[in-house]
**Student:** 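Here it is, the structure in full.
Here is how names work: the chains are called A, B, and so on, in the same order as the sequence lines, proteins then strands, and each is numbered from 1.
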There are 2 protein chains.
Amino acid sequence: MTTDPGSSPALHWPGPEPAGAARRVYLGILQDLEGGRMVPGQRLIETDLAARFEVGRNAVREAMQHLAVRGVVDLSPNRSPAIRRLDLAETFEVLDVAEAMTRLVARAAAKGFGDEHGALLSAALDELGEAAPGGEAAAFSRARRGFYRALLLIGGNRELQRLFPAIGIHIIHAQYPSPRLRGIRLADYQAIARAIVARDADAAERAATGHVDNVRAVIRELTTVHP
Amino acid sequence: MTTDPGSSPALHWPGPEPAGAARRVYLGILQDLEGGRMVPGQRLIETDLAARFEVGRNAVREAMQHLAVRGVVDLSPNRSPAIRRLDLAETFEVLDVAEAMTRLVARAAAKGFGDEHGALLSAALDELGEAAPGGEAAAFSRARRGFYRALLLIGGNRELQRLFPAIGIHIIHAQYPSPRLRGIRLADYQAIARAIVARDADAAERAATGHVDNVRAVIRELTTVHP
DNA sequence: GGAACAAGATTGTGGAACAATCAATGCCAT
DNA sequence: ATGGCATTGATTGTTCCACAATCTTGTTCC
């Protein structure tokens with residue numbers, strides 16, 4: 001058995017994640033972001049990160065590329081990478097893309113669901129339920145990723161597995177860290193899961209659409225209340 | 001004025017394309033692929049490419065990352081990058097993702113279309129018309145990219161601009177270089193453009209769906225005739 | 001023929017050095 | 001003062017090198 005070092009989850013996800021030294025930087029930045037220790041707009045200096053994570057500038061650059069693919073940082077030539085900041089318009093643009101992709105994920109999972117997937121899905125839901133009420137933001141983020149990972153696995157679409165993680169969802173969570181989003185998510189996820197277990201692709205797609213609509217509504221509310 | 005070296009197009013696309021040295025490698029590989037000088041499954045050796053394009057191994061690695069994002073090469077640790085090869089199942093998986101995204105692109109363009117976009121769109125269509133009949137594959141590929149670029153520009157969705165080029169379409173064209181696909185595409189693109197000019201989002205989305213269905217049909221035919 | 005071993009090829013990684021570019025600072029002239 | 005301008009420092013872009021880690025291939029021995 002290969003020794004899986006450090007904070008990596010148990011399941012190996014065949015996605016476009018960096019490996020080796022770059023992975024340390026990549027995961028470190030993501031954790032900082034989830035923990036609120038980095039704010040959108042913040043700049044990242046290569047040499048600082050290289051020193052902090054004890055890697056070469058090479059690895060830092062590689063990690064930045066992956067983070068840029070995930071929509072976490074903005075990369076522009078001769079400028080320090082910066083944590084991506086979404087204005088309201090771009091937030092909804094991201095949600096439009098997220099809706100299209102999430103519908104496809106839900107539909108694929110419903111079509112591909114088999115009895116062997118029941119345990120996986122309910123485990124993901126359980127983890128969500130535990131993290132939702134009052135837990136830390138990081139725990140809920142992990143559970144949410146696990147849920148989508150389960151759906152992608154059930155659906156079996158490799159291109160979707162490759163592209164779905166590239167949607168700029170991380171930043172939306174980082175920029176709108178409202179607890180209200182969590183409760184809504186949990187209920188929506190359960191609805192999606194029900195439709196998947198019932199192998200009802202249309203219902204799963206509707207549930208996914210409804211979920212994104214709910215997220216839109218909460219964000220609209222959060223931003224319009226603000227004077 | 002900055003000297004724009006070599007084969008770069010005139011319009012600067014604010015997408016996730018590599019810059020500088022890595023760009024040479026990136027564009028070179030893509031051209032090789034379009035020209036049929038590289039076949040799916042072929043392995044790429046860092047040092048060879050570094051020597052061929054007169055850049056450092058760093059730049060080659062960066063280019064490989066970008067190509068992997070575009071779904072052109074497969075990257076796995078401690079292995080030489082290889083031109084991605086799609087089995088039939090994965091081909092249709094890519095097309096499922098392409099359908100969802102293309103629908104969104106068409107819908108966004110229809111909603112965002114303004115009179116100022118007319119010239120851009122018709123120019124893209126003209127270029128397609130010239131390249132379609134008997135021209136080279138590379139010219140048609142360029143025209144096709146220009147068409148989608150116009151749509152993305154009209155739609156104005158920045159997240160879509162970022163993610164759409166990541167769909168593994170390049171490989172599909174490299175693996176199924178049938179002239180039949182070209183004719184179908186031209187007609188479909190004209191239909192999509194008509195709906196966009198009419199600002200009919202539903203019709204544009206239907207046209208996009210129909211187009212992907214046509215591509216599916218051709219590929220199914222191409223592969224089932226083959227014993 | 002097959003398994004264990006050895007040699008070679010290729011990638012993974014860090015580091016140094018320098019060029020290129022950008023950002024901030026301070027200076028000067030008006 | 002203040003607007004423009006040169007200088008300076010900080011940061012990224014790029015190549016080259018060295019070596020470790022890993023995979024691949026070929027060979028030998030049983």
**Student:** Considering residues at least two apart in sequence or located in another chain, which fulfil the side chain to side chain contact (heavy atoms under 4.5 Å, CB included) criterion with A:Glu130?
**Tutor:** none
**Student:** Step by step, work out the side chain to side chain contact (heavy atoms under 4.5 Å, CB included) result for B:Thr47 and B:Arg57.
**Tutor:** CA-CA 6 Å; B:Thr47 51; B:Arg57 272 177 65 202; 4.0 Å; yes
**Student:** When the ring planes of B:Tyr148 and B:Phe164 are compared, do they come out parallel, tilted or perpendicular, using 30° and 60° as the limits?
**Tutor:** tilted
**Student:** In whole angstrom, give the distance that lies between atom CZ of A:Arg43 and atom P of D:dT11.
**Tutor:** 7 Å
**Student:** Which whole-number value in Å describes the distance from B:Ile45 CD1 to C:dG8 C1'?
**Tutor:** 14 Å
**Student:** Partner lookup for D:dC30, please. Criteria are Watson-Crick or G-U wobble with both distances under 3.5 angstrom; report none if nothing qualifies.
**Tutor:** C:dG1
**Student:** Quick one: list whatever passes side-chain hydrogen bond (donor to acceptor under 3.5 Å, both in side chains) with A:Arg182, sequence neighbours left out.
**Tutor:** none
**Student:** Does any N or O in the side chain of A:His66 come within less than 3.5 Å of the main-chain N or O of A:Pro16, such that one atom is a donor and the other an acceptor?
**Tutor:** yes
**Student:** Tell me which residues in residues 75-84 of chain A put a heavy atom below 4.0 Å from DNA chain D, sorted by number, or none.
**Tutor:** A:Pro77, A:Asn78, A:Arg79, A:Ser80, A:Pro81
**Student:** How long is the line joining CG of B:Leu49 and P of C:dT11, in whole Å?
**Tutor:** 9 Å
**Student:** Strictly below 4.0 Å, heavy-atom distances to any atom of DNA chain D: list the hits from residues 53-67 of chain A, or just say none.
**Tutor:** A:Arg57, A:Arg61
**Student:** Looking at CZ of B:Arg162 and CD1 of A:Ile167, how far apart are the two atoms once the value is rounded to the nearest 0.5 Å?
**Tutor:** 9.0 Å
**Student:** Could you give the distance from CG (B:Asp48) to CD (B:Glu46), rounded to the nearest 0.5 Å?
**Tutor:** 10.0 Å
**Student:** Looking at B:Arg85, I want to see if its CZ is surrounded by more than 12 non-hydrogen atoms of other residues, nucleotides or ligands under 6.0 Å.
**Tutor:** no
**Student:** Could you write out each protein N or O paired with an N or O of nucleotides 8-10 of chain D at a distance under 3.5 Å?
**Tutor:**
none

**Student:** Going by side chain to side chain contact (heavy atoms under 4.5 Å, CB included), name the residues that satisfy it together with B:Asp96, two or more places apart in sequence or in a different chain.
**Tutor:** A:Asn157, B:Arg216
**Student:** Hey, could you give me the NE2/OG1 distance between A:His211 and A:Thr102, rounded to the nearest 0.5 Å?
**Tutor:** 6.5 Å
